[in-house]
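In what follows, every chain begins at residue 1, and chains take the letters A, B, ... in the order their sequences are listed.
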Protein chains: 2
Amino acid sequence: MEIREILEAFRQYIKDKGLRYTKQREAILKAFLRADGHVTVEELYMQLRKKHPGIGFSTVYRTIKLIEDAGLATRLSFDERAERFEKTVGTDHHDHMVCIRCRRVIEFESPRIERLQTEVADKYRFQILSHRLEIFGLCNICRPHKSLV
Amino acid sequence: MEIREILEAFRQYIKDKGLRYTKQREAILKAFLRADGHVTVEELYMQLRKKHPGIGFSTVYRTIKLIEDAGLATRLSFDERAERFEKTVGTDHHDHMVCIRCRRVIEFESPRIERLQTEVADKYRFQILSHRLEIFGLCNICRPHKSLV
DNA sequence: TATCAAATGAAATTTAATATCACTACCTGC
DNA sequence: GCAGGTAGTGATATTAAATTTCATTTGATA
């Protein structure tokens with residue numbers, strides 16, 4: 001999905017909700033799409049200031065929520081103070097392994113896990129809208145190696 | 001595992017770390033084990049005040065972390081402001097489905113998902129210490145039913 | 001183009017979580 | 001059992017994320 005199409009989808013979403021498509025909202029979405037990985041609102045705001053010094057903090061907060069509601073972002077929670085967001089378009093769905101020592105984040109995909117989730121949800125007649133699988137532990141660099149013992 | 005045994009395990013953990021086993025720590029662990037479901041630190045504190053009015057807020061925070069470190073509690077994050085904790089002993093490991101409308105939380109077990117997680121982790125030589133799978137969506141009561149359309 | 005509600009931005013506020021620090025009490029060695 | 005040092009506690013202050021408030025601006029429609 002091209003950037004242009006994503007912007008258009010966002011505009012459409014906003015319109016459908018009876019809201020207004022503003023410069024700020026577009027700028028924030030663009031910056032968010034450009035940002036890599038998992039950004040906090042703070043980080044996004046800092047990035048935005050460079051090109052759009054006038055933009056307000058609250059607006060970034062408000063807009064990231066809109067973007068999330070539109071299904072273009074996912075909220076992550078790596079046990080930090082601030083929440084992080086990542087884009088859901090352009091990349092396949094994936095989950096995260098977080099190294100609790102070096103804080104590195106490894107992304108992985110597992111269609112089989114996804115399928116099992118759907119099975120479980122069906123059993124409970126639960127309609128999945130999103131999910132979040134976070135594995136915490138030690139990455140291959142930080143874990144104790146046998147050879148060192 | 002009986003309460004008495006859990007307390008003993010906690011004492012042992014604390015001792016092994018060269019820390020001190022205090023009345024407060026015991027009281028907090030007891031209250032936590034008694035509390036049902038998924039409590040916030042705030043809720044736990046309120047509960048504790050009834051029996052132990054002198055107990056401090058900071059101590060509850062500090063101790064819940066200790067309990068977590070000891071492997072007796074898991075940190076949850078249901079996209080709320082405050083974090084929640086649940087006990088990991090006495091119950092089998094499970095994951096959560098959170099209804100974004102009524103906030104109901106459904107617990108489920110899936111050994112198959114667990115196994116797949118282990119497989120993925122192995123592939124990356126990642127050592128799992130804990131994990132968290134949260135599915136967000138609409139529960140069977142809140143989801144739109146075909147019959148109503 | 002005028003109108004008006006929605007959106008914005010600056011500042012204030014709320015709230016969770018952490019840090020500080022004087023005082024307390026746990027524990028080890030005697 | 002007692003003393004001393006030391007980790008723990010609790011009240012308060014502080015930090016930091018997120019939200020609210022409100023006067024002003026701006027987008028879209030009639």
Side-chain angles (χ1 to χ4, degrees), chain A residues 7-8 10-32 38-70 73 75-85, chain B residues 7-8 10-32 38-70 73 75-85:
Chain A
L7 293 177
E8 185 49 38
F10 189 47
R11 170 182 232 127
Q12 200 54 52
Y13 173 83
I14 283 179
K15 287 292 168 184
D16 289 351
K17 283 216 136 188
L19 306 172
R20 289 175 188 171
Y21 192 70
T22 64
K23 301 190 222 332
Q24 289 91 335
R25 284 176 178 173
E26 181 165 310
I28 293 168
L29 177 54
K30 275 185 183 169
F32 175 63
H38 320 111
V39 288
T40 62
V41 174
E42 174 88 23
E43 286 164 3
L44 193 54
Y45 172 68
M46 287 312 181
Q47 200 57 38
L48 271 158
R49 297 199 66 170
K50 295 178 189 168
K51 274 200 174 180
H52 309 268
I55 216 140
F57 212 83
S58 333
T59 305
V60 183
Y61 265 105
R62 286 186 280 236
T63 305
I64 196 76
K65 268 191 194 165
L66 254 187
I67 294 173
E68 190 192 5
D69 288 344
R75 186 184 294 257
L76 304 171
S77 137
F78 295 156
D79 281 353
E80 298 169 308
R81 275 291 274 267
E83 307 217 293
R84 292 186 177 275
F85 294 85
Chain B
L7 293 177
E8 186 47 38
F10 188 46
R11 169 181 233 130
Q12 201 54 54
Y13 173 83
I14 283 179
K15 286 294 169 185
D16 289 351
K17 284 219 136 187
L19 306 173
R20 289 174 186 171
Y21 192 70
T22 63
K23 299 191 220 337
Q24 288 90 336
R25 285 177 175 170
E26 180 164 311
I28 292 168
L29 176 56
K30 274 185 184 170
F32 175 64
H38 319 111
V39 287
T40 62
V41 175
E42 174 88 24
E43 285 164 5
L44 193 55
Y45 172 67
M46 288 309 181
Q47 200 57 36
L48 271 158
R49 297 200 65 168
K50 295 177 188 169
K51 274 200 173 179
H52 309 268
I55 217 141
F57 212 82
S58 333
T59 303
V60 183
Y61 265 104
R62 287 188 280 238
T63 305
I64 196 76
K65 270 192 192 163
L66 254 187
I67 294 173
E68 190 191 6
D69 289 343
R75 187 183 293 257
L76 306 171
S77 138
F78 295 157
D79 280 353
E80 298 169 309
R81 276 290 277 266
E83 307 218 293
R84 291 185 177 277
F85 294 84

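A straight line from CD1 of I14(A) to C1' of dA7(C) spans 11 Å, rounded to a whole angstrom. The interatomic distance linking I64(A) (CD1) with dT8(C) (P) rounds to 14 Å, in whole Å. Between the P atom of dT14(C) and the OH atom of Y61(A) lies a distance of 17 Å, rounded to the nearest Å. To the nearest angstrom, C1' of dT8(C) lies 13 Å from CG of L66(A). Remark: P of dT8(C) and CD of E26(A) are 12 Å apart, rounded to the nearest angstrom.
Between the side chain of R25(A) and the main chain of R20(A), a donor-acceptor pair closer than 3.5 Å is present.
Bracketed by its first and final contacts, the part of DNA chain D lying under 4.0 Å from non-hydrogen atoms of chain A reaches from dT15(D) to dA28(D) in 5' to 3' order.
Within residues 51-58 of chain A, the residues having any heavy atom closer than 4.0 Å to DNA chain C are, in order of number, G54(A), I55(A), G56(A), S58(A). A heavy atom closer than 4.0 Å to some atom of DNA chain C occurs in no member of residues 38-50 of chain B.
One finds the CG atom of L29(A) at 9.5 Å from the CG atom of L44(A) (value rounded to the nearest 0.5 Å). Of the inter-residue distances, the one linking R11(B) atom CZ with D16(B) atom CG reads 12.5 Å to the nearest 0.5 angstrom. Atom CD1 of I14(B) is separated from atom CD1 of I67(B) by 8.5 Å, given to the nearest 0.5 angstrom.
Counting heavy atoms from C-beta outward, I28(B) and L48(B) have side chains that approach closer than 4.5 Å. Side-chain contact check for L19(B) versus L66(B): some heavy-atom pair is nearer than 4.5 Å. Y61(A) has its side chain out of reach of K65(A): every pair of non-hydrogen atoms, C-beta onward, lies at least 4.5 Å apart.
Listed candidates were dA17(C), dT15(C), dA7(C). Nearest to the side chain of A82(B) is dA17(C).
At the heavy-atom level, K17(B) lies nowhere under 4.0 Å from the strands shown.
Contacts of E80(B) classified as salt bridge (charged side-chain N to carboxylate O under 4.0 Å, His left out), with partners at least two apart in sequence or in another chain: R84(B). In terms of the side chain to side chain donor-acceptor pair (under 3.5 Å) criterion, E42(B) has no residue partners (sequence neighbours excluded). With sequence neighbours left out, E26(A) forms a side chain to side chain donor-acceptor pair (under 3.5 Å) with Y21(A), K30(A). Applying the side chain to side chain donor-acceptor pair (under 3.5 Å) test to R75(B) and every residue at least two apart in sequence or in another chain returns E68(B), E83(B). Annotation: side chain to side chain donor-acceptor pair (under 3.5 Å) contacts of D69(A) (sequence neighbours excluded): none. With sequence neighbours left out, Y45(B) forms a side chain to side chain contact (heavy atoms under 4.5 Å, CB included) with R49(B), I55(B), F57(B), V60(B). Legend: residues meeting side chain to side chain contact (heavy atoms under 4.5 Å, CB included) with R62(A), ordered by chain and number and at least two apart, are S58(A), T59(A).
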How does each nucleotide of nucleotides 21-27 of chain C score, in 5' to 3' order, for protein heavy atoms under 4.0 Å: base (B), sugar-phosphate only (S), or none (-)?
-> ----BBS
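Two end axes, each from the C1' atoms of five base pairs, can be drawn for the helix from dT1(C)-dA30(D) to dC30(C)-dG1(D); they diverge by 40°, to 10 degrees.
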